[in-house]
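Notes follow the structure.
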Amino acid sequence: MKELLLNLGRTIKSIVVLTGAGVSAESGIPTFRASDGLWENHSIEDVATPEGFERNPSLVHEFYNQRRETLLALKTSPNQAHSALARFQNIFENRHHGDFTLITQNIDDLHERAGSPDVIHMHGELLQSRCSQSGLKFNQLKPLNVDSICGCCRTLGNLRPHIVWFGELPLEIPRIERALTTCDLFVAIGTSGQVYPAAGFYEQAKTCGAHTLELNLIQTKSNFDTQLLGNASDLVPSFFSELASSLELEAF
């Protein structure tokens, strides 16, 4: 790692970080999708597609109500990976005057709880709902059901979880692509490397001249410039602490 940081030197002005389920899993957030393709004994088609919501909105609401309840449980809190990213972003932007873009595939709010500002939730947010007609978003801490009244159109049944389902386009792709084309360092943390378009982000950044780094629990087939294996709660604080030191920034 020291050789990597030495090679990168002080040329880093822009960083893009992508986090996946592996980061939240260490805080006790289940990944939900099992090896047999089922999400808590439900098929993806039933609980994670627009068609499934149209067929059985009550089932879909209950599925996400359970996930929301898990997220809001007192035992669920950011781990060291979340905290390290928030601390590094603060010193990188304020002392190094660099650009730091944090993208997550996760729908929880653990990055925000750790202090990260302006997180790009490309797959939506569990603690929000939105109107199916206008797209207007609302904070959603309580259970959602077919009898919930939409705050903008005042209509029953128009509220849906603010989640990007299979078959829908991820959020803020133009902003993400701008960041990928201008970054000097791209870091993927705890991602499977199988879900597109996120799985292709490192290739886009690499094509535009960025060094690409993967921090993951298991080896993936992705062709990153550098791959480090281990728990996110160990690797992330270690790497970003050393990066801060190499940039002559305040250590943490």
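Nothing fancy with the numbering, it's 1 onward along the sequence.
The minimum heavy-atom distance linking Ala114 with Ala86 is given by the pair O-CB, 3.4 Å. In terms of heavy-atom proximity, Gly124 sits nearest to Val164 at N-CG2, 4.1 Å. Across all non-hydrogen atoms, the minimal contact from Arg113 to Leu71 is NH2-O, 2.9 Å. Shown here for Cys153 and Cys131, the closest heavy-atom pair between the two residues is SG-SG, 4.0 Å. A pairwise comparison of heavy atoms in Ala179 and Val16 identifies O-CG2, 3.6 Å as the closest pair. Closest heavy-atom contact between Phe166 and Pro50: O-CD, 3.4 Å.
With hydrogens and angles left out, the side-chain atoms of Thr212 and Asp225 include a donor and acceptor closer than 3.5 Å. Donor-acceptor pairing under 3.5 Å is recorded for the side chains of Thr220 and Glu214. The closest side-chain donor-acceptor pair between Asn65 and Arg68 falls under 3.5 angstrom. Side-chain contact, Gln204 with Glu177: no donor N or O sits under 3.5 Å from an acceptor N or O. If you check the side chains of Asn79 and Ser233, you find no donor sitting under 3.5 Å from an acceptor.
Salt bridge status for Asp99 with Arg178: absent, with no side-chain N to carboxylate O gap under 4.0 Å. A salt bridge between Arg55 and Asp46 is present, with a side-chain N of the basic residue lying under 4.0 Å from a carboxylate O of the acidic one.
In this structure, His162 contributes its side chain and Glu125 its backbone to no donor-acceptor pair below 3.5 Å. With Asn158 contributing its side chain and Ser132 its backbone, the two residues share no donor-acceptor pair below 3.5 Å. In this structure a side-chain-to-backbone donor-acceptor pair under 3.5 Å is present from Asn145 to Asp147. Looking only at distances, a side-chain donor or acceptor of Thr104 sits under 3.5 Å from a matching main-chain atom of Asn106. The backbone N or O of Leu229 lies less than 3.5 Å from no partner atom in the side chain of Asn216, so there is not a single donor-acceptor pair. The closest donor-acceptor contact from the side chain of Thr207 to the backbone of Glu203 lies under 3.5 Å. Side chain of Gln133 to backbone of Cys152: no donor-acceptor contact under 3.5 angstrom is found. Distance alone, capped at 3.5 Å, is enough to place a donor-acceptor pair between the Asp184 side chain and the Lys13 backbone. In terms of modelled atom types and a separation under 3.5 Å, the side chain of Thr70 and the main chain of Gln66 share a donor-acceptor contact. Checking side-chain atoms of Glu26 against main-chain N and O of Asn231 turns up no donor-acceptor pair under 3.5 Å.
With rounding to the nearest 0.5 angstrom, the CH2 atom of Trp165 is 4.0 Å from the CZ atom of Arg160. Note: Gln80 CD to Leu235 CG = 11.5 Å, rounded to the nearest 0.5 Å. Taking CG of Leu247 as the start and CZ of Arg95 as the end, the distance is 11.5 Å to the nearest 0.5 Å. Considering NE2 of His42 and CG of Leu59, their distance stands at 5.0 Å, rounded to 0.5 Å. Ser24 OG to Asp108 CG: the interatomic distance, rounded to the nearest 0.5 Å, is 3.5 Å. Here Ser246 contributes atom OG and Phe240 contributes atom CZ; the two are 11.0 Å apart, rounded to the nearest 0.5 Å.
Between His121 and the choices Gln128, Glu112, Glu172, the side chain to side chain donor-acceptor pair (under 3.5 Å) rule is met once, by Glu112.
If you chain together hydrophobic residues whose side chains sit under 4.5 Å apart, Ile107 and Leu141 fall into the same group. With hydrophobic clusters built from ILVMFWY side chains whose heavy atoms lie under 4.5 angstrom apart, Leu126 shares a cluster with Leu72. Follow the hydrophobic side-chain contacts under 4.5 Å out from Ile189 and you reach Phe239 in the same cluster. Ile103 is not connected to Leu85 by any chain of hydrophobic side-chain contacts under 4.5 Å among Ile, Leu, Val, Met, Phe, Trp and Tyr, and they are in different clusters. A single hydrophobic cluster is not seen to contain both Phe100 and Leu18; linkage of ILVMFWY side chains at heavy-atom distances under 4.5 Å, directly or through other members, places them apart.
Leu169 CG: 12 or fewer foreign heavy atoms inside a 6.0 Å radius. By the neighbour-count criterion of 12 heavy atoms within 6.0 Å, atom CD of Glu69 is sparsely surrounded, having that number or fewer from other residues, nucleotides or ligands.
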Take Ser241 and Arg87 through the test side chain to side chain contact (heavy atoms under 4.5 Å, CB included) and record every step on the way to the result. CA-CA 9 Å; Ser241 178; Arg87 291 196 302 271; over 6 Å; no

Applying side chain to side chain contact (heavy atoms under 4.5 Å, CB included) to Ile120 and Leu102, what does each step give before you reach the verdict? CA-CA 6 Å; Ile120 299 177; Leu102 178 57; over 6 Å; no

Apply the test side chain to side chain contact (heavy atoms under 4.5 Å, CB included) to residues Tyr64 and Gln140: give CA-CA distance (whole Å), side-chain angles for both, the deciding distance (0.1 Å), then the verdict. CA-CA 11 Å; Tyr64 289 99; Gln140 191 69 45; over 6 Å; no

Could you walk me through whether Asn223 and Lys206 satisfy the side chain to side chain contact (heavy atoms under 4.5 Å, CB included) test, starting with their C-alpha distance in whole Å, then the side-chain angles of each, then the deciding distance to 0.1 Å, before giving a yes or no? CA-CA 10 Å; Asn223 189 29; Lys206 193 173 186 178; 3.7 Å; yes

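The side-chain heavy atoms of Ile149 and Leu156, taken from C-beta on, include a pair separated by under 4.5 Å. Proximity of Cys208 to Leu180: side-chain heavy atoms (C-beta onward) are nowhere separated by under 4.5 Å. With a 4.5 Å cut-off on side-chain heavy atoms, His82 and Ser77 do not count as touching. The shortest distance between side-chain heavy atoms of Glu242 and Ser238 falls below 4.5 Å. Counting heavy atoms from C-beta on, the side chains of Ile173 and Pro197 come closer than 4.5 Å. In this structure, the side chains of Pro117 and Gln89 come closer than 4.5 Å at one or more pairs of heavy atoms. Put simply, the side chain of Phe92 reaches to within 4.5 Å of the side chain of Ile12, judged on heavy atoms. Between Leu243 and Leu185 there is a side-chain heavy-atom pair separated by less than 4.5 Å.
Ring-plane geometry between Phe186 and Phe224 is classed as parallel, the angle between the planes falling under 30 degrees on a 0 to 90 degree scale with a further cut at 60.
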